[in-house]
Amino acid sequence: MPVYALVDANNFYATCEKIFAPELMDKPLVVLSNNDGCIVARSAEAKALGIPMAAPIHQHRHFCQQHGVVIKSSNYTLYGDMSARMLSILQDMCPRVESYSIDESFLDMAGFPDITKYAYEIRRQLRRQVKLSCGIGIGPTKTLAKFANHIAKNQLYWGGVFNALDHPSDMLDALMAQYPVSEVWGVGRRLTVRLNADGINTVLDLKHCGPIAIRKRYGIVLEKTVRELNGESCLAIAEVGEPRQQIMASRSFGTVTQDVDAIKTAICHHVSRAAEKLRQQHSVAQHVYVMVRTNPFRDQDVPYRRTTLVPLAYPSADTAILMSAALAGLQQIFRPGLKYHKCGVMLGQIAPVGNVQPDLFSPSDDPKRLRLMALMDNINRVHGSNMLRFASLDLSNSWRMRAGGRSPCYTTDWRALPVVFCR
DNA sequence: TCTGGGGTCCTAGGACCC
DNA sequence: TCTGGGGTCCTAGGACCC
């Protein structure tokens with residue numbers, strides 16, 4: 001029988017910040033999204049003050065000042081490195097791991113003896129080695145492991161580990177009856193409204209729905225969810241290392257801009273980042289999507305949102321080729337006089353380098369250019385990102401995002417190593 | 001004044017073919 | 001006068017996740 005464990009770090013971003021700033025250990029702390037826009041993580045103390053998730057910070061700045069809440073910009077270099085350390089510990093303790101998000105992993109624990117005891121040991125190791133506190137939920141399907149994780153985090157009695165397989169089904173049903181259907185993994189805002197209108201209010205209500213009827217009314221995704229709630233595994237582990245099918249890079253501008261040159265620079269910057277990721281997974285792309293938009297939250301601005309797809313003549317991972325395609329796309333969708341708020345690119349139709357057979361009629365990247373790209377990636381890896389870059393990235397700096405309260409990159413930059421004083 | 005970014009999967013509908 | 005229907009492929013967009 002399949003057994004899945006979901007390991008989820010508590011208040012991940014907030015905890016990463018506190019690990020390297022012990023003076024903040026008991027203080028309420030929030031972490032902001034890119035561009036210092038909204039709140040994306042809260043420490044336990046900040047949650048206790050009632051600060052909501054995903055709220056724009058400007059609506060709560062006054063409250064935070066009044067209550068001494070520490071406000072940090074997000075530092076994805078630090079969180080990404082802490083996440084990699086967490087993942088490596090999990091991979092040491094379990095051979096099949098899916099890194100589901102920056103702070104969550106699914107473990108395939110089928111065949112493990114005494115799984116609950118082992119989960120407590122995983123939790124202990126994560127705390128000892130990287131100072132992260134985790135909740136672990138265990139169940140026969142991913143959806144049930146998610147639900148069990150929710151119990152592990154919300155009911156302190158279980159000490160951070162809840163194994164659905166340890167308990168009789170009537171007890172699990174009683175737990176499911178306590179939680180709203182919106183807590184189910186895969187049930188978002190829209191589905192919740194529709195389900196509630198159909199009289200399906202709790203997790204248990206959804207579990208008791210017929211999968212066929214659900215498929216007819218809501219589609220195959222929710223059907224799988226219902227089956228999973230009933231213990232029938234429909235979603236398998238996707239192991240670490242599978243290449244991405246789309247690679248995106250997008251950002252809001254620090255301040256809105258009408259300047260086409262600023263947007264061009266930003267687009268080149270995004271292409272550069274996406275292409276680096278593309279080469280890192282040894283792939284090539286055949287489509288470049290370009291996106292620009294104005295600020296949808298400002299009623300006084302003309303709403304404008306366009307994407308366009310630029311197909312390449314042949315699949316490529318050459319930054320220069322991807323850039324010129326993206327700039328051609330931008331030219332199609334840029335309208336003068338609008339106040340642009342965000343732009344981005346997405347690479348699509350991605351395939352492994354080896355799958356592309358070069359011949360007379362289907363050309364591929366010039367090997368010399370590929371060596372140049374590899375050299376650039378290597379230099380940037382060793383000496384810091386953007387040490388070697390395309391000149392087009394320097395045309396204008398006016399699009400860059402705000403990040404006023406970012407902490408140092410303690411674990412990835414020699415110059416930012418934490419300093420310890422001994423008395 | 002100030003509202004993130006990066007993914008996945010599914011579906012509806014258009015274009016095209018025979 | 002009367003002008004099909006079914007299949008495939010592709011894309012845009014929606015819903016979800018963290």
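Here the structure is a predicted model, which is why all the values come from computation and not from measurement. Sequence lines set the chain letters: A, B, ... in the order given, protein chains first and strands last, and positions in each chain run from 1. No hydrogens, no waters, no symmetry mates; every other heavy atom, side chains included, goes into these values.
Out of B:dT3, C:dA15, B:dG6, the shortest distance to the side chain of A:Arg190 is found at C:dA15. Set against B:dG6, B:dG5, C:dC16, the side chain of A:Ser252 has B:dG5 as its closest nucleotide. For A:Tyr100, whose side chain is taken as the heavy atoms from C-beta onward, the closest listed nucleotide among C:dC17, B:dT11, C:dG13 is C:dC17. Minimum atom distance to the side chain of A:Asn34 is reached by B:dG4, of the listed C:dA12, B:dG4, B:dC2. When distances are taken from the side chain of A:Val221 to each of B:dC10, B:dT3, C:dC18, the shortest belongs to B:dC10. Distances from the side chain of A:Asp103 to the nucleotides C:dC18, B:dC10, B:dG6 place C:dC18 closest. Of all nucleotides listed (B:dG6, C:dC17, B:dG4), B:dG4 comes nearest to the side chain of A:Val40.
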Step by step, would you call A:Trp185 with A:Phe106 a ring-ring contact (aromatic ring centres under 6.0 Å, His included)? CA-CA 13 Å; A:Trp185 186 42; A:Phe106 283 105; 5.5 Å; yes

Go through A:His341 and A:Phe253 one step at a time and tell me if the ring-ring contact (aromatic ring centres under 6.0 Å, His included) criterion holds. CA-CA 6 Å; A:His341 170 252; A:Phe253 304 121; 7.7 Å; no

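At the phosphate of B:dG5, neither OP1 nor OP2 sits under 4.0 Å from any side-chain N or O atom of A:His270. Distances shown here put every side-chain N or O of A:Lys277 at or beyond 4.0 Å from the OP1 or OP2 atom of B:dG5. Remark: A:Lys146 is not in phosphate contact with C:dC17, judged by side-chain N or O atoms under 4.0 Å from OP1 or OP2. For B:dT3, the OP1/OP2 oxygens have a side-chain nitrogen or oxygen of A:Asn295 closer than 4.0 Å. When the side-chain nitrogen and oxygen atoms of A:Lys342 are compared with OP1 and OP2 of B:dT3, none of them lie within a distance under 4.0 Å. Under 4.0 angstrom from either OP1 or OP2 of C:dG13 there lies no side-chain N or O belonging to A:Arg305. Distances shorter than 4.0 Å separate none of the side-chain N or O atoms of A:Gln246 from OP1 or OP2 on B:dG6. Within the structure, a side-chain polar atom (N or O) of A:Ser250 is placed less than 4.0 Å from OP1 or OP2 of B:dG6. Residue A:Gln245 has a polar side-chain atom (N or O) positioned under 4.0 Å from OP1 or OP2 of B:dC9.
Look at CZ on A:Arg273: it is 12 Å from C1' on B:dG4, rounded to the nearest Å. A:Arg298 places its CZ atom 12 Å from the C1' atom of B:dT3, with the value rounded to the nearest Å. Atoms CE (A:Met346) and P (C:dT11) sit 11 Å apart, rounded to a whole Å. Here C:dC17 presents its P atom at 13 Å from NE2 of A:His150, a figure rounded to the nearest Å. A:Met248 has its CE atom 14 Å from the C1' atom of C:dC18, to the nearest Å. In this entry the distance linking NZ of A:Lys224 with P of B:dC10 reads 5 Å, nearest Å. Between the NE2 atom of A:His58 and the P atom of B:dG4 there is a distance of 9 Å, given to the nearest Å. Here the P atom of nucleotide B:dC2 and the CZ atom of A:Phe253 are 15 Å apart, to the nearest Å.
Across all strands shown, A:Arg61 has no heavy atoms under 4.0 Å from either base or sugar-phosphate atoms. Within the nucleic acid shown, A:Leu191 comes within 4.0 Å of sugar-phosphate atoms alone, with no base atom in reach, counting heavy atoms only. Contact annotation for A:Ala55: no contact, since no heavy-atom pair falls under 4.0 Å across all strands. Heavy atoms of A:Val184 sit under 4.0 angstrom from primed sugar atoms or phosphate atoms, though from no base atom. Using a 4.0 Å heavy-atom distance criterion, A:Ile247 is classed as a sugar-phosphate-only contact. Heavy atoms of A:Leu32 sit nowhere under 4.0 angstrom from any nucleic acid atom. Counting non-hydrogen atoms under 4.0 angstrom, A:Arg306 reaches nothing in the nucleic acid.
Salt bridge status for A:Asp173 with A:Lys207: present, with a side-chain N to carboxylate O gap under 4.0 Å. Of the charged side-chain nitrogens involved, at least one lies within less than 4.0 Å of a carboxylate oxygen, so that A:Glu223 and A:Arg227 count as a salt-bridged pair. A salt bridge is defined here as a Lys NZ or Arg NE, NH1 or NH2 lying under 4.0 Å from an Asp or Glu carboxylate O, and A:Arg402 with A:Asp36 fails to meet this definition.
Looking at every heavy atom in both residues, A:Ile102 comes nearest to A:Ser83 through O-OG, 2.7 Å.
Side-chain polar atoms of A:Lys47 and A:Asn11 form a donor-acceptor pair below 3.5 angstrom.
A distance of about 29 Å separates the P atoms of B:dC2 and C:dC18, rounded to the whole Å.
Relative ring orientation between A:Trp158 and A:Phe162 is described as perpendicular, the plane-to-plane angle rising above 60° on a 0-90° scale split at 30° and 60°.
Both A:Cys38 and A:Ala249 sit near DNA chain B, but only A:Cys38 has its closest nucleotide nearer the 5' end.
Of the nucleotides present, B:dC10 is the one that pairs with C:dG13 by Watson-Crick or G-U wobble criteria, both distances under 3.5 Å.
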